[in-house]
S.K.: 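Please find one structure pasted underneath; my questions will follow.
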Amino acid sequence: MALSTKINKIKELSKISPVLALGIPLEKFEDSTIIEANAPSEHFGITNMAKGLKAPSWFYGIVKGNKSHQIIINNIDLIDKENQEKFYELLKYKAISDVELPADCTIIVLASDLKKVSETILRLCLLVE
């Protein structure tokens with residue numbers, strides 16, 4: 001399958017469910033909100049601060065309409081399987097800290113080695129090889 005056809009398939013499937021795409025370079029996805037898999041866990045929650053709630057910048061940008069609603073989690077296979085669990089709520093519920101993303105948000109997870117992706121992530125995503 002041609003790369004452009006595969007990318008179009010990934011984008012279409014991501015409207016239904018998160019997609020785990022193997023071997024596709026990040027650069028092939030234009031206009032996306034990029035989340036690096038090795039980002040600290042606090043980038044996946046909303047924190048109650050003295051001056052009010054603080055959301056991660058990527059989340060705030062999406063909700064305010066400044067960032068793309070196509071979310072790419074890049075290089076999930078480069079972190080250990082236990083740390084991949086920090087994406088559970090985002091992938092399963094399209095939410096962080098029980099605050100939902102806009103309904104039209106799509107999520108694509110990029111990896112190179114399927115053996116290094118946790119079973120939990122595999123169960124939550126459609127796989128495109």
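Given the structure is predicted, the values throughout are model-derived calculations rather than measurements.
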S.K.: If you group Ile, Leu, Val, Met, Phe, Trp and Tyr by side-chain heavy-atom gaps below 4.5 Å, do Met49 and Ile46 land in one group?
M.R.: no
S.K.: Shared ILVMFWY cluster between Tyr88 and Val109, side chains joined below 4.5 angstrom?
M.R.: yes
S.K.: Using 0.5 Å steps for rounding, measure from the CD atom of Gln70 to the NZ atom of Lys11.
M.R.: 5.0 Å
S.K.: Any non-hydrogen side-chain atom of Asn8 less than 4.5 Å from a side-chain atom of Thr5?
M.R.: no
S.K.: How far does CZ of Phe59 sit from NZ of Lys64, to the nearest 0.5 angstrom?
M.R.: 10.5 Å
S.K.: Hydrophobic clustering (ILVMFWY, side-chain heavy atoms < 4.5 Å, transitive) - are Leu122 and Val19 grouped together?
M.R.: no
S.K.: Would you call His69 and Thr106 a side-chain contact if the rule is heavy atoms closer than 4.5 Å?
M.R.: no
S.K.: May I ask you to decide if Ile76's main-chain N or O and Gln84's side chain share a donor-acceptor pair within less than 3.5 Å?
M.R.: yes
S.K.: Does any non-hydrogen side-chain atom of Ile34 lie less than 4.5 Å from one of Phe29?
M.R.: no
S.K.: Do Cys125 and Leu91 touch side chain to side chain, with heavy atoms closer than 4.5 Å?
M.R.: yes
S.K.: Check for a donor-acceptor pair, side chain of Ser112 on one end and backbone N or O of Gly23 on the other, with a separation under 3.5 Å.
M.R.: no
S.K.: Do side-chain atoms of Trp58 reach the backbone of His43 as a donor and acceptor pair under 3.5 angstrom?
M.R.: yes
S.K.: Is a side-chain N or O of Glu89 found less than 3.5 angstrom from the main chain of Gly45, in a donor-acceptor match?
M.R.: no
S.K.: With distance as the sole test, does Lys94 use its side chain to make a donor-acceptor pair with the main-chain N or O of Cys105 at under 3.5 Å?
M.R.: yes
S.K.: Do side-chain atoms of Ser32 reach the backbone of Glu30 as a donor and acceptor pair under 3.5 angstrom?
M.R.: yes
S.K.: Distance from Leu20 atom CG to Arg123 atom CZ, nearest 0.5 Å?
M.R.: 13.5 Å
S.K.: Please tell me if the side chains of Leu101 and Tyr93 come closer than 4.5 Å, counting only heavy atoms from C-beta onward.
M.R.: no
S.K.: When you group the ILVMFWY residues by side-chain heavy-atom contacts below 4.5 Å and let the links chain together, are Phe87 and Leu124 in the same group?
M.R.: yes
S.K.: With a cut-off of 6.0 Å (strictly less than), are more than 12 heavy atoms of other residues, nucleotides or ligands near CD of Glu100?
M.R.: no
